[in-house]
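Computed from a predicted model, the values in this text were never measured in an experiment.
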Amino acid sequence: MVKYGLDYTRCRWILPLLLGIGVIFGIIALAGRGWLESQTLPYVQQASLWQNCRRPQQGGEWNCESLMGYAWGRAAAATYLVGFLLLVICFALAIIAFAIDTLRFNFIRGIGGLLFVAAVFSIMGLVIYPVKFSSEIEMTGINMFSWAYGFGWTTAIMEICLGFFFCCLPNYEDQILGNVKPTYFYSSP
């Protein structure tokens with residue numbers, strides 16, 4: 001990306017594309033019912049960020065209880081949702097930043113800082129949820145934190161990594177804009 005500059009059409013949109021993938025993963029984590037699931041048959045428990053569902057026996061009806069009745073449930077949902085909304089704002093700002101012909105590198109560094117703030121909020125929600133869930137809600141059988149919870153962690157890790165990319169990109173401003181003279185290592189006699 002640095003070799004061809006950000007004007008190279010295939011490289012210019014890589015960072016906003018990765019942010020878009022992070023947004024999709026965040027949507028999956030918010031909407032997914034697989035934050036906690038029973039590991040073995042019969043499957044008797046399934047939880048999302050918003051509710052906990054159980055069924056007393058195989059083939060029975062699922063009984064769901066909202067986690068918003070618990071203070072920790074509201075806190076976990078709110079902090080993860082704030083992190084997700086900041087990620088969406090960063091995605092919109094990245095599209096604006098890379099659509100402008102002349103890049104504003106301080107603007108790009110600000111997006112990186114906002115991504116770190118989003119990661120902090122996301123991680124807070126992802127830590128509150130399992131700690132309080134396992135201590136305050138009775139779990140039956142063998143349970144595991146499952147695929148939707150994994151998508152939440154993937155989103156948080158992407159926020160951290162992309163934050164580093166957005167913060168470090170302005171350090172290579174001259175190389176990106178082509179303002180550096182090439183260095184030749186061979187000199188003729």
Among Gln46, Arg54, Arg55, Arg33, whose side-chain contact (heavy atoms from CB on, under 4.5 Å) with Cys64 holds?
Arg33

Rounded distance (nearest 0.5 Å) linking atom [atom1] of [X] with atom [atom2] of [Y]:
{"X": "Phe91", "Y": "Leu15", "atom1": "CZ", "atom2": "CG", "result": "12.0 Å"}
{"X": "Cys90", "Y": "Leu115", "atom1": "SG", "atom2": "CG", "result": "4.0 Å"}
{"X": "Glu159", "Y": "Phe25", "atom1": "CD", "atom2": "CZ", "result": "12.5 Å"}
{"X": "Ile21", "Y": "Met158", "atom1": "CD1", "atom2": "CE", "result": "5.5 Å"}
{"X": "Ile160", "Y": "Ser122", "atom1": "CD1", "atom2": "OG", "result": "9.0 Å"}
{"X": "Leu87", "Y": "Phe121", "atom1": "CG", "atom2": "CZ", "result": "13.5 Å"}

What are the two closest heavy atoms between [X] and [Y], and how far apart are they?
{"X": "Met68", "Y": "Leu49", "result": "CE-O, 3.7 Å"}
{"X": "Cys167", "Y": "Phe116", "result": "SG-CE1, 3.8 Å"}
{"X": "Ala94", "Y": "Phe166", "result": "CB-CZ, 4.0 Å"}
{"X": "Thr79", "Y": "Gly125", "result": "OG1-CA, 3.0 Å"}
{"X": "Ala118", "Y": "Leu86", "result": "CB-CB, 3.6 Å"}
{"X": "Trp50", "Y": "Leu30", "result": "NE1-O, 2.8 Å"}

Ile95 reachable from Ile111 in the ILVMFWY side-chain graph, under 4.5 Å edges:
yes

Spell out, yes or no, whether Ile157 and Leu17 are grouped together once hydrophobic residues are joined by side-chain heavy atoms under 4.5 Å, including indirect joins.
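Not linked; separate clusters.
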
Side chains of [X] and [Y]: closer than 4.5 Å at any heavy-atom pair?
{"X": "Thr155", "Y": "Tyr80", "answer": "yes"}
{"X": "Phe165", "Y": "Leu18", "answer": "no"}
{"X": "Phe84", "Y": "Val23", "answer": "yes"}
{"X": "Gln45", "Y": "Leu36", "answer": "yes"}

Between Tyr70 and Ile137, is the side chain to side chain contact (heavy atoms under 4.5 Å, CB included) condition met? List the steps.
CA-CA 10 Å; Tyr70 298 97; Ile137 293 183; 4.2 Å; yes

Apply ring-ring contact (aromatic ring centres under 6.0 Å, His included) to Tyr129 and list each qualifying residue two or more places apart in sequence or on a separate chain.
Trp35, Phe133

Going by the rule disulfide bond (SG atoms under 2.5 Å apart), which residues pair with Cys161 if we only count those two or more places apart in sequence or in a different chain?
none

Between Glu37 and Tyr149, does the side-chain hydrogen bond (donor to acceptor under 3.5 Å, both in side chains) criterion hold? Intermediate values first, please.
CA-CA 10 Å; Glu37 292 180 332; Tyr149 185 68; over 6 Å; no

Apply side chain to side chain contact (heavy atoms under 4.5 Å, CB included) to residues Trp153 and Ile123 and explain how you reach the verdict.
CA-CA 8 Å; Trp153 273 107; Ile123 290 172; 4.0 Å; yes

